[in-house]
Amino acid sequence: MTDPHSSSATHKAIDAVWRIESAKLIAGLTRMVRDVGLAEELAQDALVVALEKWPESGVPDNPGAWLMQTAKNRAIDRLRRKKLLDRKHEEIGREIEASQDEVEDAFFDKLDDDIGDDLLRLVFISCHPVLSTEARLALTLRLLGGLTTDEIARAFLASEPTIAQRIVRAKRTLADAQVPFEVPRGEELAQRLSSVLEVIYLIFNEGYSATAGDDWMRPGLCEDALRLGRILAGLMPKEAEVHGLVALMEIQASRSKARTGPDGQPILLLDQDRARWDRMQIQRGLSALERAVQLSGSNGPYALQAAIAACHARAATAQDTPWPRIAALYQQLALRTPSPVIELNRAVALSMAFGPAAGLQLVDTLLDEPSMKSYHLLPTVRGDLLFKLGRREEARIEFERAAGLTRNTRERELLLARAAESG
């Protein structure tokens, strides 16, 4: 009889292996079968076999190689069973069979350019602009993050059937569009890389400041985004903005433990206990920022945001924050990528550097921006500046308006408390 404790430990080990190896597995299989949907099915089939066998036999020394071998066997069986006799599938079958004997030894011993190239191709496929932003997010978390449909649904507060349909449609769209399994080149590379970075950035932001729900943060999503960013930096070491994004995420994530109180209530940046910031993670972020700058990437949007985060990270206390420098960096960022959200952040920096009236003057220019009508942080910032200017009744109205716009429970509680304080 199988020891239930041992079986539980094995299942945990399988889950860990899947998180680590699934992206490489799906990437390698996609290269062989030229269909990301089929590749994921084969990888899942291998996982099911592992769940059946490993509790009895134990986790193999090279679990990734075992999964790849099993998935390849399944691929061959499927091709034979369906009698796919057209030349393309015959070639795929022969290619898989020819490489069978080499897989076990080569998978871990030779994490060579093929594996790296496969992973990079998978990154560019899952973030392809032919897909909607929501589809890119879901597919990236599924294929590269190793998350289940249920986990993705919980992360974005969507129903599991909705996420499942989104992923199925995304894979069908890629197949119908005949998106090639390749890394784009030249001008297309820059455009596509921008999409990849945006997806990772959005995943991180949703984890760092949850749009809705009961939790201020979802650390698991931050960790997934960071892992994807680090993988991408390893695969594209000469791309400055990749390092800029990693730097930004590392520095932002370093504050995680200080961002909530014992009961999960939010603690704003200037009120945080900086002793709780992760200094090792800050150092990793500063090193990544230095690499971006060395690659002549100091003016990229992610590098500029990382430079702003670095200003906070280097300040020993909130009073030491170099607000004029931060305001100047936001101005550079606004020139590079004009956005009312960036202008709102610049207004906060201006208020800290030159007084609340200076910030309010800029905030008021954003009131008629259509994209800001339902953005809860606009009345939040305006309320804070009005409060500092002693215009308490106006501040109360703004905080209440912001509370009505946010879908995050913790944030709503904080804003209603600010409204009560103003009244």
Side-chain angles (χ1 to χ4, degrees), residues 197 201 204-205 208-209 240-241 243-255 258-259 266-272 274 277 282 285-286 288-290 292-293 296-369 371-372 375-391 394-395 398-399 402 415 418:
L197 294 176
Y201 181 64
F204 182 84
N205 276 355
Y208 192 71
S209 296
E241 273 292 79
H243 295 294
L245 177 57
V246 171
L248 173 62
M249 294 190 296
E250 295 278 16
I251 296 171
Q252 297 282 69
S254 72
R255 306 176 198 150
R259 294 187 72 232
I267 301 176
L268 301 179
L269 177 61
L270 298 184
D271 300 323
Q272 289 170 17
R274 296 182 181 220
W277 289 3
I282 288 173
L286 294 177
L289 178 57
E290 188 177 338
V293 172
S296 302
S298 58
N299 289 321
Y302 294 113
L304 283 169
Q305 290 179 75
I308 292 166
C311 288
H312 293 292
R314 292 186 177 114
T317 67
Q319 291 71 32
D320 296 327
T321 306
W323 288 109
R325 165 72 175 153
I326 291 174
L329 286 167
Y330 270 122
Q331 187 163 17
Q332 278 184 263
L333 185 60
L335 289 171
R336 181 68 190 265
T337 53
S339 156
V341 174
I342 292 171
E343 288 293 88
L344 183 63
N345 283 308
R346 186 164 74 90
V348 173
L350 286 171
S351 75
M352 298 301 293
F354 307 112
L360 186 62
Q361 186 177 359
L362 179 53
V363 167
D364 284 349
T365 66
L366 303 174
L367 294 176
D368 293 328
E369 281 283 343
S371 62
M372 302 294 275
Y375 188 57
H376 72 283
L377 290 181
L378 179 60
T380 299
V381 170
R382 193 164 190 273
D384 185 60
L385 297 176
L386 289 167
F387 183 85
K388 287 175 179 175
L389 289 167
R391 295 161 61 177
E394 292 173 84
E398 292 296 320
F399 286 132
L415 290 165
R418 293 294 311 272

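Because the structure is a prediction, the values reported are computed rather than measured. Just so you know, residue 1 is the first one in the sequence shown, and it goes up from there.
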Kindly compute the distance separating [atom1] ([X]) from [atom2] ([Y]), expressed to the nearest 0.5 Å.
X    : Y    : atom1 : atom2 : answer
R325 : I308 : CZ    : CD1   : 9.0 Å
S339 : R346 : OG    : CZ    : 12.0 Å
I342 : L335 : CD1   : CG    : 10.0 Å
L377 : L415 : CG    : CG    : 8.5 Å
L350 : I326 : CG    : CD1   : 11.0 Å
D320 : R314 : CG    : CZ    : 14.0 Å

Do you know which two heavy atoms are closest between [X] and [Y], and how far apart they sit?
X    : Y    : result
S351 : G359 : CB-CA, 3.9 Å
A258 : Q272 : O-CG, 3.3 Å
L289 : A247 : N-CB, 3.5 Å
L389 : P356 : CD2-CG, 3.7 Å
A353 : P324 : CB-N, 3.7 Å
A334 : E343 : CB-OE1, 3.4 Å

Show, in sequence, the C-alpha distance, side-chain angles and deciding distance for H312 and L269, and conclude whether the side-chain contact (heavy atoms from CB on, under 4.5 Å) test is met.
CA-CA 9 Å; H312 293 292; L269 177 61; 3.5 Å; yes

Decide yes or no on side-chain contact (heavy atoms from CB on, under 4.5 Å) for L378 and E369, but give the supporting numbers first.
CA-CA 10 Å; L378 179 60; E369 281 283 343; over 6 Å; no

Show your reasoning for whether side-chain contact (heavy atoms from CB on, under 4.5 Å) applies to R391 and L360.
CA-CA 12 Å; R391 295 161 61 177; L360 186 62; 3.6 Å; yes

Test item: [X] side-chain N/O and [Y] main-chain N/O as donor-acceptor pair under 3.5 Å:
X    : Y    : value
Q332 : N299 : no
Q305 : P301 : yes
E241 : Y302 : yes
R418 : T380 : no

Please lay out, stage by stage, how F204 and L245 fare under the test side-chain contact (heavy atoms from CB on, under 4.5 Å).
CA-CA 10 Å; F204 182 84; L245 177 57; over 6 Å; no

Looking at D364 and R382, does any basic side-chain N land under 4.0 Å from a carboxylate oxygen?
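R382 and D364: salt-bridged.
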
Do the numbers put R255 on top of the ring of Y208, so that NZ or CZ is under 6.0 Å from the six-membered ring centre and no more than 45° off the axis?
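Negative - R255 is either too far from the ring of Y208 or too far off its axis.
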
